[in-house]
Asks: 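Before we start, here is the structure in question, set down as structure tokens.
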Amino acid sequence: MPETIVILNGPAIERALKRIAHEIAERNETPNDVVLVGIQRGGVPLAQRLSGMLAGIWSQAVPTGQLDVSMHRDDLDRRAAPQVQPTVIPFDVTGRTVVLVDDVLFSGRTVRAAMDALNDFGRPQQIQLAVLVDRGHRELPIKADFVGKNLPTGRNENVHVRFAEEAGADEVVLERG
């Protein structure tokens, strides 16, 4: 039976997201240029929460979208039929600062696929990356701009981010074995 360890509980996730929101605000002095795009699935609720926090900091709404990267992955031939989630980007990304948001950064391949998918919607001025957990093991030269928790892991371990909306409580757990 796998061993599970709670890495972040609900209050710790909230603190990490508040810190990320303040870092995004400090780095981007022009709020009108910033949009958030959550990568399906785990990045979407995080982007929505960050949007609310940034709206409080900047006193204005921050456009938020969601992006499915299933058809842009480089391992399509090795996976079963992808579970495609909705992509909703109700704004133009051209000339904007797009903050891609995801729950866990691992190999970097999902982020690469997200950047490819984002090109279908325009040419951003710049792309920044915010992740709740960076667990290392990069296979591509991708680094997050904003990180809630650095968590060195083994390749045989799994990190699961659970949200209150689906699992009853917000938590990040490490599963060993």
Asks: Apply the test side-chain contact (heavy atoms from CB on, under 4.5 Å) to residues Lys143 and Asp134: give CA-CA distance (whole Å), side-chain angles for both, the deciding distance (0.1 Å), then the verdict.
Replies: CA-CA 9 Å; Lys143 181 178 185 296; Asp134 183 345; 5.9 Å; no
Asks: Quick check: do Pro63 and Arg96 have side-chain heavy atoms less than 4.5 Å from each other?
Replies: yes
Asks: Report the residues that fulfil side chain to side chain donor-acceptor pair (under 3.5 Å) with Asn158, sequence neighbours left out, ordered by chain and then residue number.
Replies: none
Asks: For Leu118 versus Leu67, what's the shortest heavy-atom pair and its separation?
Replies: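 So the minimum-distance heavy-atom pair works out to N-CD2, 4.2 Å.
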Asks: Walk me through it: do Asp145 and Glu23 pass the test side-chain contact (heavy atoms from CB on, under 4.5 Å)?
Replies: CA-CA 9 Å; Asp145 298 281; Glu23 290 173 3; over 6 Å; no
Asks: Would Met115 and Ile127 count as a side-chain contact (heavy atoms from CB on, under 4.5 Å) here? Give the steps.
Replies: CA-CA 8 Å; Met115 290 189 291; Ile127 298 173; 4.1 Å; yes
Asks: Can you check whether Asp120 reaches His72 side chain to side chain, under 4.5 Å on heavy atoms?
Replies: yes
Asks: Would a 4.5 Å heavy-atom cut-off, applied to side chains only, mark Phe163 and Leu46 as touching?
Replies: yes
Asks: In terms of hydrophobic clustering (I, L, V, M, F, W, Y; side-chain heavy atoms under 4.5 Å; direct or indirect links), are Val104 and Val99 co-clustered?
Replies: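 Val104 and Val99: one cluster.
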Asks: Of Val34, Ile89, Val35, which is the lone residue that meets side-chain contact (heavy atoms from CB on, under 4.5 Å) with Val98?
Replies: Val35
Asks: After noting the C-alpha distance and the side-chain angles of Arg155 and Phe106, does the key distance pass the side-chain contact (heavy atoms from CB on, under 4.5 Å) rule?
Replies: CA-CA 10 Å; Arg155 286 200 171 270; Phe106 183 42; 3.9 Å; yes
Asks: Any link between Ile57 and Ile24 through a network of hydrophobic side chains (Ile, Leu, Val, Met, Phe, Trp, Tyr) touching at under 4.5 Å?
Replies: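 Yes, Ile57 and Ile24 fall within the same hydrophobic cluster.
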Asks: Tell me whether Val131 is reachable from Leu36 by hopping between hydrophobic residues (I, L, V, M, F, W, Y) whose side-chain heavy atoms are closer than 4.5 Å.
Replies: no
Asks: Would you call Phe91 and Val37 a side-chain contact if the rule is heavy atoms closer than 4.5 Å?
Replies: yes
Asks: Under 4.5 Å between any side-chain heavy atoms of Asp33 and Asn28, yes or no?
Replies: no
Asks: Cluster question for you: counting only ILVMFWY and a side-chain heavy-atom cut-off of under 4.5 Å, with indirect links fine, are Val147 and Leu50 together?
Replies: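 As far as the 4.5 Å side-chain criterion goes, Leu50 and Val147 are not connected within one cluster.
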Asks: Find out whether Met53 and Arg19 are in side-chain contact, i.e. whether some heavy atom of one side chain is under 4.5 Å from a heavy atom of the other.
Replies: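 No; the side chains remain at least 4.5 Å from each other.
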Asks: Taking NZ, NE, NH1 and NH2 as the nitrogens, is one of them in Arg49 or Glu165 under 4.0 Å from a carboxylate oxygen of the other?
Replies: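 Yes, this pair counts.
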Asks: Quick one: are Ile7 and Lys149 in side-chain contact, heavy atoms under 4.5 Å?
Replies: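 With C-beta onward as the side chain, the pair touches.
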Asks: Could you tell me which non-hydrogen atom of Trp58 sits nearest to which non-hydrogen atom of Ala25, and how far apart they are?
Replies: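 Answer, listing the atom of Trp58 first, then Ala25: CZ2-CA, 3.5 Å.
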